[in-house]
Amino acid sequence: MSIKEIDLHSALKTYFGFSKFKGLQEDVIKSLVAGHNTFVIMPTGGGKSLCYQLPALIKDGTAIIVSPLIALMKNQVDAIRAVSQNDGVAHVLNSSLNKTEVKQVKDDITNGITKLLYVAPESLTKEEYVDFLRSVTISFMAVDEAHCISEWGHDFRPEYRNLKHIIKRIGDNIPIIGLTATATPKVQEDILKSLDITDANTFKASFNRPNLYYEVRPKTKSVDSDIIRFVKQNQGKSGIVYCLSRKRVEELAQVLQVNGVKAVPYHAGLDAKTRVKHQDMFLMEDVDVVVATIAFGMGIDKPDIRFVVHTSLPGSMEAFYQEIGRAGRDDHAADTILLYGLDDLVKRRRMVEQGAGDDGHKFRENKRLDALLAYCEASGCRKKALLSYFGEETDKCGNCDNCIDPPELFDGTVEAQILLSAITRTGEYFGRVHVVDVILGSSTDKVRKRNHDKLPIFGKGQEHSKEFWMALIRQLFASGDLYIDLVRHGALRITESGRKILSGEKTFRCKKIISPKSKKQKT
(Lines give C-alpha, C1' and ligand atoms only; values in the text may rest on other atoms or scores of the structure.)
Protein backbone atom coordinates (compact mmCIF):
# COMPACT_ATOMS: atom_id res chain seq x y z
CA MET A 1 0.00 0.00 0.00
CA SER A 2 1.44 3.38 -1.00
CA ILE A 3 0.62 6.40 1.13
CA LYS A 4 1.93 9.79 0.11
CA GLU A 5 3.65 11.94 2.72
CA ILE A 6 0.87 14.56 2.54
CA ASP A 7 -1.68 11.85 3.28
CA LEU A 8 0.14 10.84 6.47
CA HIS A 9 0.14 14.43 7.73
CA SER A 10 -3.50 14.81 6.76
CA ALA A 11 -4.37 11.60 8.61
CA LEU A 12 -2.39 12.74 11.64
CA LYS A 13 -4.37 15.96 11.75
CA THR A 14 -7.70 14.24 11.10
CA TYR A 15 -7.41 11.51 13.70
CA PHE A 16 -5.16 12.99 16.39
CA GLY A 17 -5.31 16.75 15.86
CA PHE A 18 -1.52 17.08 15.56
CA SER A 19 0.10 19.20 12.86
CA LYS A 20 3.45 17.39 12.90
CA PHE A 21 5.01 14.13 13.94
CA LYS A 22 7.24 13.75 16.98
CA GLY A 23 10.79 12.44 16.77
CA LEU A 24 11.03 9.23 14.74
CA GLN A 25 7.28 8.67 14.43
CA GLU A 26 6.99 9.57 10.74
CA ASP A 27 9.87 7.33 9.66
CA VAL A 28 8.49 4.42 11.69
CA ILE A 29 5.01 4.85 10.22
CA LYS A 30 6.33 5.02 6.65
CA SER A 31 8.22 1.76 7.22
CA LEU A 32 5.15 -0.04 8.58
CA VAL A 33 2.76 1.35 5.97
CA ALA A 34 5.15 0.12 3.27
CA GLY A 35 4.80 -3.39 4.69
CA HIS A 36 8.26 -3.72 6.25
CA ASN A 37 9.01 -5.48 9.52
CA THR A 38 9.84 -2.69 11.95
CA PHE A 39 11.48 -2.46 15.36
CA VAL A 40 11.13 0.60 17.60
CA ILE A 41 13.07 1.47 20.76
CA MET A 42 11.52 4.67 22.02
CA PRO A 43 11.55 5.97 25.62
CA THR A 44 8.38 6.36 27.65
CA GLY A 45 6.60 9.49 26.46
CA GLY A 46 8.13 9.34 22.99
CA GLY A 47 4.83 8.51 21.28
CA LYS A 48 5.20 4.79 20.54
CA SER A 49 1.45 4.11 20.45
CA LEU A 50 0.83 6.47 17.54
CA CYS A 51 3.44 4.52 15.51
CA TYR A 52 0.96 1.68 15.12
CA GLN A 53 -2.35 3.43 15.76
CA LEU A 54 -2.15 5.73 12.74
CA PRO A 55 -1.08 2.98 10.28
CA ALA A 56 -3.89 0.78 11.61
CA LEU A 57 -6.46 3.48 10.92
CA ILE A 58 -5.34 4.08 7.31
CA LYS A 59 -4.44 0.54 6.18
CA ASP A 60 -6.90 -2.07 4.95
CA GLY A 61 -7.89 -4.76 7.45
CA THR A 62 -7.45 -5.05 11.20
CA ALA A 63 -4.18 -4.61 13.12
CA ILE A 64 -3.56 -6.99 16.01
CA ILE A 65 -1.94 -5.27 18.99
CA VAL A 66 -0.38 -7.68 21.51
CA SER A 67 -0.25 -6.07 24.94
CA PRO A 68 0.60 -7.57 28.35
CA LEU A 69 -1.89 -5.69 30.53
CA ILE A 70 -5.68 -5.57 30.36
CA ALA A 71 -5.72 -2.11 31.99
CA LEU A 72 -3.31 -0.79 29.37
CA MET A 73 -5.46 -2.23 26.58
CA LYS A 74 -8.56 -0.55 27.97
CA ASN A 75 -6.86 2.84 28.22
CA GLN A 76 -5.68 2.68 24.62
CA VAL A 77 -9.01 1.40 23.28
CA ASP A 78 -10.87 4.21 25.05
CA ALA A 79 -8.41 6.77 23.66
CA ILE A 80 -8.62 5.58 20.04
CA ARG A 81 -12.42 5.39 20.20
CA ALA A 82 -12.49 8.96 21.43
CA VAL A 83 -10.33 10.34 18.59
CA SER A 84 -12.23 8.40 15.91
CA GLN A 85 -15.69 8.86 17.53
CA ASN A 86 -16.45 5.22 16.74
CA ASP A 87 -16.76 2.56 19.45
CA GLY A 88 -16.28 -0.24 16.95
CA VAL A 89 -12.96 1.03 15.60
CA ALA A 90 -11.01 -0.61 18.47
CA HIS A 91 -11.72 -3.65 20.63
CA VAL A 92 -10.07 -5.86 23.21
CA LEU A 93 -10.20 -9.62 23.01
CA ASN A 94 -9.34 -11.22 26.32
CA SER A 95 -10.67 -13.22 29.26
CA SER A 96 -12.73 -10.29 30.57
CA LEU A 97 -15.31 -10.63 27.74
CA ASN A 98 -18.43 -12.78 27.81
CA LYS A 99 -19.74 -14.74 24.79
CA THR A 100 -22.03 -11.93 23.62
CA GLU A 101 -19.18 -9.41 23.74
CA VAL A 102 -16.83 -11.77 21.88
CA LYS A 103 -19.46 -12.19 19.13
CA GLN A 104 -19.78 -8.40 18.80
CA VAL A 105 -15.99 -8.06 18.43
CA LYS A 106 -15.90 -10.74 15.72
CA ASP A 107 -18.84 -9.16 13.86
CA ASP A 108 -17.20 -5.72 13.86
CA ILE A 109 -13.94 -7.19 12.52
CA THR A 110 -15.73 -9.21 9.83
CA ASN A 111 -17.70 -6.13 8.75
CA GLY A 112 -14.53 -4.06 8.40
CA ILE A 113 -15.38 -1.71 11.26
CA THR A 114 -12.57 -2.63 13.65
CA LYS A 115 -9.11 -1.31 12.78
CA LEU A 116 -7.29 -2.19 16.01
CA LEU A 117 -7.74 -5.40 18.01
CA TYR A 118 -5.92 -5.49 21.34
CA VAL A 119 -5.15 -8.97 22.62
CA ALA A 120 -3.16 -10.55 25.42
CA PRO A 121 -0.63 -13.18 24.28
CA GLU A 122 -2.64 -15.81 26.19
CA SER A 123 -5.68 -15.09 24.01
CA LEU A 124 -3.70 -16.00 20.89
CA THR A 125 -3.17 -19.52 22.21
CA LYS A 126 -6.89 -20.27 21.80
CA GLU A 127 -7.59 -22.22 18.62
CA GLU A 128 -10.96 -20.53 18.02
CA TYR A 129 -9.34 -17.08 17.99
CA VAL A 130 -6.49 -18.14 15.71
CA ASP A 131 -8.95 -19.78 13.29
CA PHE A 132 -11.09 -16.65 13.25
CA LEU A 133 -8.15 -14.32 12.63
CA ARG A 134 -7.01 -16.53 9.74
CA SER A 135 -10.36 -15.85 8.07
CA VAL A 136 -10.12 -12.04 8.08
CA THR A 137 -7.69 -9.45 6.66
CA ILE A 138 -4.90 -8.59 9.09
CA SER A 139 -3.01 -5.40 8.25
CA PHE A 140 -0.07 -6.05 10.58
CA MET A 141 0.87 -7.37 14.01
CA ALA A 142 2.17 -4.98 16.68
CA VAL A 143 3.95 -6.40 19.73
CA ASP A 144 3.89 -3.71 22.40
CA GLU A 145 6.18 -3.93 25.45
CA ALA A 146 8.29 -6.23 23.27
CA HIS A 147 10.93 -6.66 26.00
CA CYS A 148 8.47 -9.14 27.54
CA ILE A 149 9.48 -11.60 24.81
CA SER A 150 13.11 -11.71 25.93
CA GLU A 151 14.32 -13.86 28.79
CA TRP A 152 16.92 -11.13 29.26
CA GLY A 153 14.17 -8.50 29.59
CA HIS A 154 13.13 -7.07 32.94
CA ASP A 155 9.52 -8.27 32.60
CA PHE A 156 9.89 -11.58 30.78
CA ARG A 157 6.59 -13.30 29.94
CA PRO A 158 7.08 -16.93 28.75
CA GLU A 159 3.79 -16.83 26.79
CA TYR A 160 5.34 -14.21 24.49
CA ARG A 161 7.87 -16.76 23.20
CA ASN A 162 5.26 -18.50 21.03
CA LEU A 163 4.21 -15.34 19.22
CA LYS A 164 6.27 -15.86 16.07
CA HIS A 165 4.72 -19.32 15.57
CA ILE A 166 1.19 -18.00 16.15
CA ILE A 167 1.74 -15.09 13.74
CA LYS A 168 2.85 -17.52 11.01
CA ARG A 169 -0.30 -19.58 11.59
CA ILE A 170 -2.48 -16.49 11.20
CA GLY A 171 -0.71 -15.44 8.00
CA ASP A 172 2.64 -15.98 6.30
CA ASN A 173 3.36 -12.42 5.18
CA ILE A 174 1.97 -10.29 7.99
CA PRO A 175 4.28 -7.33 8.73
CA ILE A 176 5.40 -7.16 12.37
CA ILE A 177 6.28 -4.13 14.45
CA GLY A 178 7.91 -4.63 17.85
CA LEU A 179 8.00 -1.72 20.27
CA THR A 180 9.69 -1.20 23.64
CA ALA A 181 10.72 1.68 25.86
CA THR A 182 13.39 -0.15 27.84
CA ALA A 183 15.79 -2.56 26.20
CA THR A 184 19.50 -3.10 26.63
CA PRO A 185 21.48 -4.05 23.49
CA LYS A 186 21.27 -7.72 24.54
CA VAL A 187 17.47 -7.53 24.89
CA GLN A 188 17.14 -5.74 21.53
CA GLU A 189 19.01 -8.55 19.81
CA ASP A 190 16.89 -11.20 21.52
CA ILE A 191 13.62 -9.47 20.55
CA LEU A 192 14.54 -9.45 16.86
CA LYS A 193 15.49 -13.14 16.92
CA SER A 194 12.47 -14.21 18.97
CA LEU A 195 10.03 -12.45 16.63
CA ASP A 196 11.99 -13.68 13.61
CA ILE A 197 12.35 -10.14 12.25
CA THR A 198 16.13 -9.79 12.05
CA ASP A 199 15.52 -8.00 8.71
CA ALA A 200 13.44 -5.30 10.43
CA ASN A 201 13.98 -1.59 9.87
CA THR A 202 15.18 -0.51 13.32
CA PHE A 203 14.47 2.91 14.78
CA LYS A 204 16.13 3.81 18.07
CA ALA A 205 15.40 7.11 19.77
CA SER A 206 17.76 8.53 22.36
CA PHE A 207 17.08 7.58 25.97
CA ASN A 208 18.25 11.04 27.00
CA ARG A 209 15.63 13.19 28.71
CA PRO A 210 17.37 16.57 29.18
CA ASN A 211 14.46 18.06 31.15
CA LEU A 212 14.64 15.51 33.97
CA TYR A 213 16.57 16.15 37.17
CA TYR A 214 17.98 13.00 38.83
CA GLU A 215 18.61 12.68 42.55
CA VAL A 216 19.21 9.78 44.94
CA ARG A 217 18.83 10.16 48.69
CA PRO A 218 19.55 7.58 51.39
CA LYS A 219 16.50 6.89 53.53
CA THR A 220 16.37 8.48 56.96
CA LYS A 221 14.25 7.70 60.00
CA SER A 222 12.14 10.73 59.08
CA VAL A 223 11.39 9.51 55.56
CA ASP A 224 7.69 10.50 55.74
CA SER A 225 8.63 14.02 56.80
CA ASP A 226 11.15 14.21 53.95
CA ILE A 227 8.46 13.21 51.45
CA ILE A 228 5.90 15.64 52.90
CA ARG A 229 8.45 18.45 52.76
CA PHE A 230 9.31 17.71 49.13
CA VAL A 231 5.65 17.43 48.02
CA LYS A 232 4.74 20.67 49.80
CA GLN A 233 7.64 22.42 48.06
CA ASN A 234 5.89 21.37 44.85
CA GLN A 235 2.38 22.20 46.01
CA GLY A 236 -0.17 22.34 43.23
CA LYS A 237 2.03 20.32 40.87
CA SER A 238 1.16 16.84 39.63
CA GLY A 239 3.33 14.00 40.89
CA ILE A 240 3.55 10.25 41.43
CA VAL A 241 4.96 8.69 44.60
CA TYR A 242 5.83 5.01 44.14
CA CYS A 243 5.86 2.55 47.05
CA LEU A 244 6.82 -1.11 47.21
CA SER A 245 3.71 -2.47 48.97
CA ARG A 246 -0.03 -1.83 48.99
CA LYS A 247 0.05 -1.28 52.75
CA ARG A 248 2.72 1.40 52.39
CA VAL A 249 0.68 3.08 49.61
CA GLU A 250 -2.36 3.35 51.88
CA GLU A 251 -0.33 4.62 54.85
CA LEU A 252 1.57 7.27 52.91
CA ALA A 253 -1.54 8.50 51.07
CA GLN A 254 -3.22 9.06 54.44
CA VAL A 255 -0.14 10.82 55.83
CA LEU A 256 -0.10 13.20 52.87
CA GLN A 257 -3.85 13.83 53.15
CA VAL A 258 -3.55 14.65 56.86
CA ASN A 259 -0.82 17.13 55.99
CA GLY A 260 -2.98 19.00 53.51
CA VAL A 261 -1.87 17.32 50.29
CA LYS A 262 -4.54 16.34 47.78
CA ALA A 263 -3.48 12.71 47.33
CA VAL A 264 -5.12 9.36 46.54
CA PRO A 265 -3.84 5.76 46.71
CA TYR A 266 -3.65 3.42 43.73
CA HIS A 267 -2.80 -0.29 43.77
CA ALA A 268 -4.10 -3.59 42.40
CA GLY A 269 -5.84 -4.40 45.70
CA LEU A 270 -8.39 -1.62 45.20
CA ASP A 271 -11.56 -2.50 43.31
CA ALA A 272 -11.67 -1.53 39.64
CA LYS A 273 -14.19 1.28 40.20
CA THR A 274 -11.98 2.96 42.81
CA ARG A 275 -8.86 2.62 40.67
CA VAL A 276 -10.60 4.23 37.70
CA LYS A 277 -11.98 6.99 39.93
CA HIS A 278 -8.57 7.81 41.43
CA GLN A 279 -6.87 7.71 38.03
CA ASP A 280 -9.50 10.07 36.57
CA MET A 281 -9.15 12.43 39.56
CA PHE A 282 -5.42 12.65 38.83
CA LEU A 283 -5.92 13.17 35.09
CA MET A 284 -8.56 15.84 35.69
CA GLU A 285 -6.34 17.49 38.35
CA ASP A 286 -8.85 17.05 41.16
CA VAL A 287 -5.88 15.68 43.12
CA ASP A 288 -2.20 16.54 42.84
CA VAL A 289 -0.51 13.31 43.89
CA VAL A 290 -1.07 9.62 43.29
CA VAL A 291 0.64 7.31 45.80
CA ALA A 292 0.95 4.01 43.99
CA THR A 293 2.56 0.65 43.43
CA ILE A 294 3.91 -0.13 39.97
CA ALA A 295 0.31 -1.02 39.03
CA PHE A 296 -0.12 2.68 38.17
CA GLY A 297 1.32 4.45 35.17
CA MET A 298 1.13 2.19 32.12
CA GLY A 299 -0.67 4.08 29.37
CA ILE A 300 -1.28 7.18 31.50
CA ASP A 301 -1.34 10.13 29.12
CA LYS A 302 -0.63 13.09 31.39
CA PRO A 303 2.15 15.31 30.01
CA ASP A 304 2.55 17.70 32.96
CA ILE A 305 3.69 15.35 35.75
CA ARG A 306 6.31 17.46 37.51
CA PHE A 307 7.85 14.85 39.81
CA VAL A 308 8.20 11.12 40.38
CA VAL A 309 9.38 9.96 43.80
CA HIS A 310 10.41 6.39 44.60
CA THR A 311 10.17 5.64 48.30
CA SER A 312 12.05 2.38 47.86
CA LEU A 313 14.36 0.65 45.42
CA PRO A 314 12.63 -0.27 42.10
CA GLY A 315 13.00 -3.77 40.69
CA SER A 316 15.54 -2.90 37.99
CA MET A 317 17.13 -0.12 35.97
CA GLU A 318 14.56 -0.78 33.25
CA ALA A 319 11.63 -0.43 35.66
CA PHE A 320 13.17 2.69 37.19
CA TYR A 321 13.68 4.32 33.79
CA GLN A 322 10.15 3.45 32.69
CA GLU A 323 8.61 4.88 35.86
CA ILE A 324 10.56 8.15 35.92
CA GLY A 325 9.77 8.48 32.21
CA ARG A 326 6.22 9.43 33.17
CA ALA A 327 7.51 12.81 34.37
CA GLY A 328 7.91 15.83 32.13
CA ARG A 329 6.45 14.47 28.90
CA ASP A 330 5.67 18.08 27.94
CA ASP A 331 9.46 18.65 27.86
CA HIS A 332 9.32 21.06 30.80
CA ALA A 333 11.52 20.56 33.86
CA ALA A 334 10.59 17.68 36.18
CA ASP A 335 12.23 16.06 39.20
CA THR A 336 12.96 12.38 39.86
CA ILE A 337 13.87 11.47 43.43
CA LEU A 338 14.90 7.97 44.54
CA LEU A 339 15.01 7.19 48.27
CA TYR A 340 16.64 3.92 49.19
CA GLY A 341 18.21 1.94 52.00
CA LEU A 342 19.65 -1.52 52.43
CA ASP A 343 16.31 -2.76 53.77
CA ASP A 344 14.98 -2.23 50.24
CA LEU A 345 17.80 -4.29 48.76
CA VAL A 346 17.12 -7.16 51.19
CA LYS A 347 13.41 -7.09 50.29
CA ARG A 348 14.13 -7.02 46.57
CA ARG A 349 16.64 -9.88 46.82
CA ARG A 350 14.10 -11.92 48.76
CA MET A 351 11.39 -11.19 46.19
CA VAL A 352 13.70 -12.49 43.46
CA GLU A 353 14.63 -15.65 45.36
CA GLN A 354 11.04 -16.45 46.32
CA GLY A 355 9.64 -15.57 42.90
CA ALA A 356 9.03 -17.71 39.86
CA GLY A 357 11.73 -18.59 37.37
CA ASP A 358 14.78 -20.81 37.17
CA ASP A 359 18.25 -20.07 38.52
CA GLY A 360 19.22 -18.30 35.30
CA HIS A 361 16.27 -15.92 35.58
CA LYS A 362 17.05 -15.18 39.23
CA PHE A 363 20.69 -14.56 38.39
CA ARG A 364 19.69 -11.99 35.76
CA GLU A 365 17.25 -10.28 38.12
CA ASN A 366 19.94 -9.98 40.80
CA LYS A 367 22.34 -8.52 38.24
CA ARG A 368 19.71 -5.88 37.42
CA LEU A 369 19.53 -5.00 41.11
CA ASP A 370 23.32 -4.76 41.19
CA ALA A 371 23.19 -2.25 38.31
CA LEU A 372 20.55 -0.18 40.08
CA LEU A 373 22.52 -0.20 43.32
CA ALA A 374 25.61 0.97 41.42
CA TYR A 375 23.49 3.82 40.00
CA CYS A 376 22.39 4.79 43.51
CA GLU A 377 25.96 4.90 44.82
CA ALA A 378 27.53 6.45 41.72
CA SER A 379 29.90 9.33 42.41
CA GLY A 380 29.69 10.63 38.84
CA CYS A 381 26.87 11.90 36.63
CA ARG A 382 23.63 9.97 37.24
CA LYS A 383 22.37 10.37 33.68
CA LYS A 384 25.66 9.14 32.28
CA ALA A 385 25.38 5.99 34.42
CA LEU A 386 21.73 5.47 33.47
CA LEU A 387 22.18 5.87 29.72
CA SER A 388 25.31 3.74 29.73
CA TYR A 389 23.22 0.84 31.00
CA PHE A 390 21.13 1.09 27.82
CA GLY A 391 24.19 1.27 25.60
CA GLU A 392 24.13 5.04 25.03
CA GLU A 393 26.99 7.39 25.79
CA THR A 394 26.54 11.00 26.82
CA ASP A 395 28.42 13.89 28.41
CA LYS A 396 27.80 14.97 31.98
CA CYS A 397 24.25 16.29 32.25
CA GLY A 398 24.72 19.15 34.71
CA ASN A 399 21.22 18.36 35.95
CA CYS A 400 21.63 15.70 38.64
CA ASP A 401 22.64 15.85 42.28
CA ASN A 402 26.16 14.59 41.55
CA CYS A 403 26.77 17.14 38.78
CA ILE A 404 25.38 20.05 40.80
CA ASP A 405 27.09 19.05 44.04
CA PRO A 406 29.85 16.50 43.26
CA PRO A 407 30.58 14.16 46.18
CA GLU A 408 34.04 14.32 47.71
CA LEU A 409 36.10 11.14 47.55
CA PHE A 410 38.73 9.98 50.04
CA ASP A 411 40.79 6.88 50.72
CA GLY A 412 38.43 4.82 52.85
CA THR A 413 40.59 1.70 52.92
CA VAL A 414 41.17 1.77 56.69
CA GLU A 415 37.49 2.29 57.44
CA ALA A 416 36.54 -0.47 55.01
CA GLN A 417 39.02 -2.81 56.71
CA ILE A 418 37.49 -2.06 60.13
CA LEU A 419 34.05 -2.90 58.78
CA LEU A 420 35.14 -6.03 56.94
CA SER A 421 37.09 -7.20 59.98
CA ALA A 422 33.98 -6.83 62.15
CA ILE A 423 31.99 -8.89 59.65
CA THR A 424 34.69 -11.59 59.61
CA ARG A 425 35.17 -11.74 63.38
CA THR A 426 31.42 -12.09 63.96
CA GLY A 427 31.36 -15.06 61.61
CA GLU A 428 29.71 -13.39 58.57
CA TYR A 429 26.47 -14.35 60.25
CA PHE A 430 24.90 -11.00 61.16
CA GLY A 431 23.19 -8.08 59.48
CA ARG A 432 24.39 -4.51 59.30
CA VAL A 433 22.75 -3.28 62.53
CA HIS A 434 24.60 -5.77 64.71
CA VAL A 435 27.90 -5.31 62.86
CA VAL A 436 27.71 -1.53 63.25
CA ASP A 437 26.84 -1.92 66.96
CA VAL A 438 30.06 -3.90 67.39
CA ILE A 439 32.12 -1.29 65.51
CA LEU A 440 30.64 1.57 67.55
CA GLY A 441 31.12 -0.27 70.84
CA SER A 442 27.41 -0.43 71.61
CA SER A 443 26.89 -2.88 74.46
CA THR A 444 23.50 -4.23 73.38
CA ASP A 445 21.98 -7.44 74.76
CA LYS A 446 22.71 -9.18 71.46
CA VAL A 447 26.36 -8.01 71.48
CA ARG A 448 26.91 -9.11 75.12
CA LYS A 449 25.11 -12.43 74.69
CA ARG A 450 27.50 -13.42 71.92
CA ASN A 451 30.56 -11.98 73.69
CA HIS A 452 31.15 -9.67 70.74
CA ASP A 453 32.05 -6.92 73.22
CA LYS A 454 35.21 -8.95 73.91
CA LEU A 455 36.35 -8.87 70.26
CA PRO A 456 39.46 -6.76 69.40
CA ILE A 457 37.34 -4.88 66.82
CA PHE A 458 34.74 -3.80 69.42
CA GLY A 459 34.49 0.01 69.51
CA LYS A 460 37.18 0.55 66.86
CA GLY A 461 34.92 2.77 64.76
CA GLN A 462 33.71 5.25 67.35
CA GLU A 463 35.23 8.24 65.58
CA HIS A 464 32.50 7.94 62.92
CA SER A 465 28.72 8.03 63.23
CA LYS A 466 26.27 5.22 62.71
CA GLU A 467 25.14 6.96 59.49
CA PHE A 468 28.73 6.87 58.22
CA TRP A 469 29.05 3.11 58.71
CA MET A 470 25.65 2.40 57.16
CA ALA A 471 26.59 4.50 54.13
CA LEU A 472 29.94 2.72 53.86
CA ILE A 473 28.14 -0.64 53.82
CA ARG A 474 25.98 0.60 50.93
CA GLN A 475 29.06 1.68 49.01
CA LEU A 476 30.78 -1.67 49.56
CA PHE A 477 27.66 -3.40 48.25
CA ALA A 478 27.63 -1.18 45.18
CA SER A 479 31.31 -1.90 44.48
CA GLY A 480 30.77 -5.65 44.75
CA ASP A 481 32.83 -6.11 47.93
CA LEU A 482 29.86 -7.27 50.03
CA TYR A 483 26.71 -9.24 49.38
CA ILE A 484 23.61 -10.24 51.31
CA ASP A 485 23.17 -13.89 52.28
CA LEU A 486 19.40 -14.44 52.29
CA VAL A 487 19.81 -18.00 53.59
CA ARG A 488 21.36 -16.46 56.69
CA HIS A 489 18.47 -13.97 57.01
CA GLY A 490 20.28 -11.04 55.42
CA ALA A 491 23.75 -11.61 56.87
CA LEU A 492 26.62 -9.54 55.43
CA ARG A 493 29.08 -11.69 53.49
CA ILE A 494 32.42 -10.66 51.98
CA THR A 495 33.23 -11.28 48.32
CA GLU A 496 36.65 -12.19 46.96
CA SER A 497 37.11 -8.55 46.01
CA GLY A 498 36.27 -7.49 49.56
CA ARG A 499 38.83 -9.91 51.00
CA LYS A 500 41.51 -8.18 48.96
CA ILE A 501 40.62 -4.90 50.70
CA LEU A 502 40.80 -6.65 54.07
CA SER A 503 44.23 -8.12 53.28
CA GLY A 504 45.58 -4.81 51.96
CA GLU A 505 45.90 -6.00 48.35
CA LYS A 506 43.35 -3.43 47.22
CA THR A 507 42.38 0.10 48.25
CA PHE A 508 38.88 1.50 48.56
CA ARG A 509 37.87 4.98 47.45
CA CYS A 510 34.90 6.17 49.46
CA LYS A 511 32.38 8.96 48.97
CA LYS A 512 32.41 11.44 51.82
CA ILE A 513 29.31 10.84 53.89
CA ILE A 514 27.15 13.97 53.95
CA SER A 515 23.87 14.33 55.77
CA PRO A 516 21.05 14.81 53.21
CA LYS A 517 19.94 17.96 55.06
CA SER A 518 23.33 19.61 54.49
CA LYS A 519 23.46 18.99 50.76
CA LYS A 520 23.12 21.95 48.43
CA GLN A 521 19.67 22.42 47.05
CA LYS A 522 19.08 22.25 43.31
CA THR A 523 18.75 25.71 41.79
Side-chain angles (χ1 to χ4, degrees), residues 216-221 223 312-313 339-353 366 369-370 372-374 376-377 409-516:
V216 178
R217 302 179 186 178
K219 277 185 180 177
T220 67
K221 290 182 179 179
V223 61
S312 61
L313 204 63
L339 308 174
Y340 93 105
L342 286 178
D343 281 343
D344 300 332
L345 184 60
V346 173
K347 288 175 184 175
R348 285 292 183 185
R349 295 281 194 222
R350 189 166 286 121
M351 287 169 70
V352 170
E353 293 305 316
N366 277 314
L369 281 175
D370 290 344
L372 187 57
L373 184 62
C376 291
E377 289 297 341
L409 299 177
F410 70 96
D411 187 344
T413 305
V414 171
E415 288 80 2
Q417 288 173 333
I418 291 172
L419 178 64
L420 296 170
S421 177
I423 294 171
T424 300
R425 290 177 180 275
T426 55
E428 295 187 60
Y429 202 80
F430 298 91
R432 65 197 180 285
V433 173
H434 181 76
V435 170
V436 171
D437 282 341
V438 172
I439 293 170
L440 291 176
S442 301
S443 187
T444 66
D445 290 342
K446 190 174 179 179
V447 169
R448 291 194 304 272
K449 183 178 178 180
R450 290 163 175 77
N451 291 321
H452 288 168
D453 54 339
K454 304 297 193 297
L455 294 173
I457 201 69
F458 183 74
K460 291 294 185 181
Q462 291 180 336
E463 66 178 285
H464 295 297
S465 67
K466 181 178 181 179
E467 289 72 23
F468 172 89
W469 292 110
M470 290 297 185
L472 182 59
I473 290 173
R474 290 197 301 270
Q475 292 185 46
L476 285 165
F477 270 113
S479 61
D481 298 307
L482 284 178
Y483 71 97
I484 294 173
D485 190 340
L486 295 177
V487 176
R488 292 190 177 187
H489 308 288
L492 303 183
R493 302 293 299 274
I494 305 174
T495 66
E496 189 61 35
S497 174
R499 296 193 189 283
K500 289 181 179 179
I501 296 175
L502 187 57
S503 66
E505 298 175 60
K506 175 184 167 184
T507 59
F508 183 73
R509 294 285 289 172
C510 179
K511 285 194 301 183
K512 185 175 181 181
I513 313 303
I514 305 174
S515 168

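- Distance check, rounded to the nearest 0.5 Å: CZ of Phe477 to CG of Leu373 gives 8.0 Å.
- With sequence neighbours left out, the salt bridge (charged side-chain N to carboxylate O under 4.0 Å, His left out) criterion links Arg499 to Glu428.
- Residue Tyr483 places its OH atom among more than 12 non-hydrogen atoms of other residues, nucleotides or ligands, all under 6.0 Å distant.
- A salt bridge (Lys or Arg N to Asp or Glu O under 4.0 Å) check over residues 468-477, counting only residues at least two apart or in different chains, returns the pairs Glu377-Arg474.
- Taking 4.5 Å as the limit, every side-chain heavy atom of Leu419 sits out of range of all side-chain heavy atoms of Glu415.
- Partners of Lys219 by side chain to side chain donor-acceptor pair (under 3.5 Å), not counting sequence neighbours, listed by chain and number: Asp344.
- Looking at Lys500, Lys506, Arg493 one by one, the single match for salt bridge (charged side-chain N to carboxylate O under 4.0 Å, His left out) with Asp481 turns out to be Lys506.
- In this view, Asp411 satisfies the salt bridge (charged side-chain N to carboxylate O under 4.0 Å, His left out) rule with no residue, not counting sequence neighbours.
- The minimum heavy-atom distance linking Gly412 with Cys510 is given by the pair CA-CB, 4.0 Å.
- Inter-residue side-chain proximity for Ile494 and Leu476 is flagged as unmet; no heavy-atom pair is nearer than 4.5 Å.
- By the salt bridge (charged side-chain N to carboxylate O under 4.0 Å, His left out) test, Arg348 pairs with no residue at all, sequence neighbours left out.
- A distance of 5.5 Å separates CG of Leu420 from CG of Leu482, quoted to the nearest 0.5 Å.
- For the salt bridge (charged side-chain N to carboxylate O under 4.0 Å, His left out) test, no residue two or more places apart in sequence or in another chain qualifies with Lys446.
- Considering all non-hydrogen atoms of both residues, Gln417 and Ile501 come closest at NE2-O, 3.0 Å.
- Legend: residues meeting side chain to side chain donor-acceptor pair (under 3.5 Å) with Ser443, ordered by chain and number and at least two apart, are Arg448.
- Residues passing the side chain to side chain donor-acceptor pair (under 3.5 Å) test with Ser442, sequence neighbours excluded: none.
- In plain terms, the two heavy atoms of Val216 and Cys376 that are nearest each other are CG1-O, 3.8 Å.
- From Met351, atom CE reaches atom CG of Leu369 across 9.5 Å, with rounding to the nearest 0.5 Å.
- With sequence neighbours excluded, no residue satisfies side chain to side chain donor-acceptor pair (under 3.5 Å) with Lys347.
- The minimum heavy-atom distance linking Val435 with Ala422 is given by the pair CG1-CB, 4.0 Å.
- The distance from atom CD1 of Ile473 to atom CG of Leu342, rounded to the nearest 0.5 Å, is 6.5 Å.
- Closest non-hydrogen pair, Asn366 versus Glu353, comes out as ND2-OE2, 3.1 Å.
- Inter-residue side-chain proximity for Tyr340 and Leu372 is flagged as unmet; no heavy-atom pair is nearer than 4.5 Å.
- The closest donor-acceptor contact from the side chain of Trp469 to the backbone of Gly461 lies under 3.5 Å.
- Within the model, atoms CG of Leu440 and NZ of Lys460 stand 14.0 Å from one another, a figure rounded to the nearest 0.5 Å.
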Go through it in stages, so that I can follow the logic: the residues are Asp370 and Arg349, the test is salt bridge (charged side-chain N to carboxylate O under 4.0 Å, His left out), and I'd like the CA-CA distance, side-chain angles, deciding distance and then a yes or no.
CA-CA 10 Å; Asp370 290 344; Arg349 295 281 194 222; 2.5 Å; yes
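- Judged by distance alone, the side chain of Arg432 and the main-chain N or O of Leu492 form no donor-acceptor pair under 3.5 Å.
- For the pair Gly480 and Thr495, the tightest heavy-atom approach, listed with the atom from each and the gap, is O-OG1, 2.7 Å.
- Within the model, atoms CG of Asp437 and OG1 of Thr444 stand 5.0 Å from one another, a figure rounded to the nearest 0.5 Å.
- Taking Glu463 as the reference, nothing meets the side chain to side chain contact (heavy atoms under 4.5 Å, CB included) condition, with sequence neighbours excluded.
- Residue pairs that meet the side chain to side chain donor-acceptor pair (under 3.5 Å) test with at least one member in residues 449-459, sequence neighbours left out, are His434-His452.
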